[in-house]
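Worksheet: one structure, shown below.
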Amino acid sequence: MEPSVPPEDRGGGERREGRPPEWEQERLAEIDRLRSENVEPYARSFFGRTPLGKIAEDYAYLETDQKAEGSHCRIAGRVMSRREHGKACFLTLRDGWDDLQVYGNIDTLGETGFSRFKSSNVGDIIGCEGHVFRTRRGELTVFAESSIILTKSLRPLPEKWHGLQDRETRYRQRYVDLIANPEVARQLCGRGRLVAGMRRYLENQGFVEVETPVLQPLPGGALARPFITHHNALDTDLYLRIAPELYLKRLLVGGFDRVFEIGKNFRNEGISLVHNPEFTMMELYWAYVDYNAIMELVESMVPVLAEEVTGSTRIEAAGEEIELEAPWPRRTIDSLLEEHLGLSLAGMRAEPQTAKTLLRGRGIDVENRDTFAMLVDKALKHAVWPSIVQPMFVIDYPLELSPLAKSSPNDPLIVERFQAVIAGKEICNAFSELNDPVDQRRRFEDQARNRAAGDEEAHVLDEDFLRALEYGMPPAGGLGVGVDRLAMLLLGVDSIRDVILFPQLRPEQ
RNA sequence: GCGCCCGUAGCUUAGUUGGUAGAGCAGGGGACUCUUAAUCCCAAGGUCGAAGGUUCGAAUCCUUCCGGGCGCACCA
């Protein structure tokens, strides 16, 4: 029998030439055969089904070899495996991430019905109607009294025992990964609970959720390289946002006093275990408080989120048990550098060469052209972070690293900024927001000089943002949380690709 | 961007010092009315990531390219 669609007419996919592979031809022929018998292999609907998980729950009490009276039900799912026994056949169905066995035999289904039931392929989606019983071997099973094909699958599923191992295929064809490795779905549902929990928590605290532009005429709010795109009708280049920060602060000017946004940021940087070009960020701004209030918010919120995701405020990371309950200790950068390296910020600023020699002596790779800010960053990352396992607020950053943060009243070269570090990883970044338009302009101008000197990640000067500040922005604390990285920490995974459904890869072919 | 490793059937894989590819699952045919990695029998399925090179002979050695992984660098 001819396939219902000639190979050359099929678009898309990775095969455009030649005949479809043998297994696909066989299934296309099967589809033609079903249609010739007035059976539609792609059904329109299947109403009134009971989820498989519900059946497992409701009939858990059934004894071996016992039939449940009044258990008539409709179920549907993907055929995951098949065990044929001549005039009887067992299928394992899966809906979502629950499995349930179905039994069919020729006496009940009839000659044609049984033949169609047992010729289901692994991968097909079928619906059945019948009653519930438990087999002699103790497996909860639906005894099919009728059965219908709902969706015919043209492709073979990965092997049932080893599943899909190949990481490339898993990321590129996540739909197959989800079928073959259901624990992936459970993990990604954990991420979903994290985001939902965060939203609920912030709303309960009186924060209002907003959405600000992803397409921005000037990319701002972070030190990073942006993606550039083009708007045809306006004939102008636009940037995918690297942060929502400057727009959220404009809202503070406009009168919002507690706002947050959860959304995608885009940074044109390398891809790694902890970097995806698009990633999810939660940013919030809270008027009339400073970074101290933000620290309290973070140490209160994170344990709640952990509970939401894992059921506990204790997590396992870096080979240790970590307790997330507040309060978290607060340490200044200066004291941490002193403790771990015997260096002070003032000393590093005054004598960078001495600091570089010392860092090299610790095996940290520093370049002669590294700026003061880069030195501090490297020192923290390599010599300090790894020793911080339990949650800690690391506070009071050098001004050069933070063009949007407010200076400390005690030291104009220090800004009121903190990061929370857990298991050696930064999970958020926050500061008392700079609201002095004159100071902000000066900082932008410093950044512009860095930019002119070749630093592509330096901040650009945003006149409209300055204009907003000139109207007056209330004092405020702001917070940014990398949602993907927080999810990694709470779910105990090492790769950002395990918390992103469709991580960025080089395009196929 | 640099370094190391990997790529064999739809999936999971074997393949010795270079002698021209072997299996399990899935798929096809057959047997089997409570199995569950069901079992048993039969047949089919491969441009060994691609292109060059060395060789009488390459999945195997060399070069380049493509794709991926890991580490480093960059990066909040």
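Quick note: numbers below take in every heavy atom, side chains included, and nothing from hydrogens, waters or symmetry partners. Chain A is the first sequence line, chain B the second, and so forth, proteins listed ahead of strands; every chain is numbered from 1.
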Worksheet item: Are A:R83 and B:U35 close enough that a side-chain N or O sits under 4.0 Å from OP1 or OP2?
Response: no
Write down the distance separating the P atoms in B:G24 and B:A44, rounded off to the nearest Å. 14 Å
Base B:U36 paired with A:E139 side chain (donor-acceptor, <3.5 Å):
yes
Would you mind classifying the nucleic acid contact of A:F279 as base, sugar-phosphate or nothing, using non-hydrogen atoms under 4.0 angstrom? nothing
Is a side-chain donor-acceptor pair under 3.5 Å present for A:Y397 with A:D377? no
TODO: Sticking with atom C1', work out how far B:A50 lies from B:A59, rounded to a whole angstrom.
DONE: 14 Å
Within the structure shown, what part of the strands sits under 4.0 Å from A:F114 by heavy-atom distance: base, sugar-phosphate, or nothing? nothing
Taking for A:E269 and for A:Q101 the nucleotide of RNA chain B with the nearest heavy atom, the one nearer the 5' end belongs to A:Q101
- Less than 4.0 Å between a side-chain N and a carboxylate O, is that true for A:R33 and A:E30? yes
Checking N1-N3 plus N6-O4 or O6-N4 for Watson-Crick, or N1-O2 and O6-N3 for wobble, each under 3.5 Å, the partner of B:C25 is B:G10
message: Under 4.0 Å, counting only non-hydrogen atoms across every strand here, what does A:E457 touch: a base, just sugar-phosphate, or nothing?
response: sugar-phosphate
Check: Does CD in A:E63 sit with more than 12 non-hydrogen atoms of other residues, nucleotides or ligands closer than 6.0 Å?
Finding: no
Partner of B:A43 under the Watson-Crick or G-U wobble criteria, both distances under 3.5 Å, comes out as none
Here the distance between atom P of B:G10 and atom CD1 of A:I179, to the nearest Å, is 18 Å
Residue pair A:T135 / A:T141, side-chain donor-acceptor N/O under 3.5 Å:
no
So does A:R35 pair up with A:D32, basic N to acidic O under 4.0 Å? no
*asked:* Please report the distance separating the P of B:G3 from the corresponding atom of B:A38, rounded so that it comes out in whole Å.
replied: 47 Å
| task | Report which part of the nucleic acid A:R267 touches: base, sugar-phosphate, or nothing (heavy-atom distance under 4.0 Å, all strands). | result | sugar-phosphate
ask   = Going by distance alone, is a donor N or O of one side chain under 3.5 Å from an acceptor N or O of the other, for A:T280 and A:R191?
value = yes
RNA chain B nearest-nucleotide lookup for A:R225 and A:G86: closer to the 5′ end is A:G86
Any N/O donor-acceptor pair, A:D166 side-chain to B:U12 base, under 3.5 Å: no
In whole angstroms, the gap separating P of B:A38 from CZ of A:R136 amounts to 19 Å
**Message:** Strictly below 4.0 Å, N to O, side chains only: are A:R443 and A:D446 in salt-bridge contact?
**Reply:** no
Can you tell me whether the side chain of A:T135 and the base of B:U35 have a donor-acceptor pair closer than 3.5 Å? yes
Contact class for A:G163 vs. all strands (heavy atom < 4.0 Å): base, sugar-phosphate, or nothing?
sugar-phosphate
Here the distance between atom P of B:G10 and atom CD of A:Q173, to the nearest Å, is 12 Å
Answer for the Watson-Crick or wobble partner of B:C34, both distances under 3.5 Å, is none
By the Watson-Crick or G-U definition, both distances under 3.5 Å, B:U63 is matched with B:A51
Checking N1-N3 plus N6-O4 or O6-N4 for Watson-Crick, or N1-O2 and O6-N3 for wobble, each under 3.5 Å, the partner of B:C56 is B:G19
In whole angstroms, the gap separating P of B:C74 from NZ of A:K381 amounts to 8 Å
Whole-Å distance, A:L273 CG to B:G68 P, equals 15 Å
- Query: Counting only side-chain N and O atoms of A:R506, is one of them less than 4.0 Å from OP1 or OP2 of B:C66?
  - Reply: no
Can you label the angle between the A:F133 ring and the A:Y103 ring as parallel, tilted or perpendicular, going by 30° and 60°?
-> perpendicular
Between CZ of A:R172 and P of B:C11 the distance, given in whole Å, is 14 Å
Taken to the nearest whole Å, NZ/A:K87 to P/B:U35 is 17 Å
Mate of B:C72 across any strand shown (Watson-Crick or G-U wobble, both atom pairs under 3.5 Å) is B:G1
Taking only side-chain N and O atoms of A:R137, does any of them lie within less than 4.0 angstrom of OP1 or OP2 on B:U35? yes
Counting primed atoms, P, OP1 and OP2 as sugar-phosphate and everything else as base, the B/S/- map of nucleotides 21-28 of chain B against protein heavy atoms under 4.0 Å is ---BBSSS
From CZ of A:R134 across to C1' of B:C34 the rounded distance in Å is 14 Å
Quiz item: Rounding to the closest angstrom, what is the interatomic distance between B:A43 and B:A31 at atom C1'?
Solution: 16 Å
Just checking, is any N or O donor in the side chain of A:S495 or A:D498 under 3.5 Å from an acceptor N or O on the other one? no
Discussion item. Suppose you measure atom P in B:G15 against the same atom in B:U60; what distance do you get, rounded to whole Å?
Written reply: 15 Å
**Study point:** Side-chain N or O of A:K378 closer than 4.0 Å to phosphate OP1/OP2 of B:A73
**Key:** no
Rounded to whole angstrom, note down the P distance from B:G10 over to B:C5.
28 Å
**Between B:U33 and B:U39 - C1' atom distance, rounded Å** = 15 Å
Query raised in the report: Taking the same atom, C1', in B:A37 and in B:U54, what whole-Å distance lies between them?
Result: 46 Å
*Under 3.5 Å side-chain donor-acceptor pair for A:T92 and A:R83*: yes
| task | Mind checking A:A222 for me? I need base, sugar-phosphate or nothing, with any heavy atom below 4.0 Å counting as a touch. | result | nothing
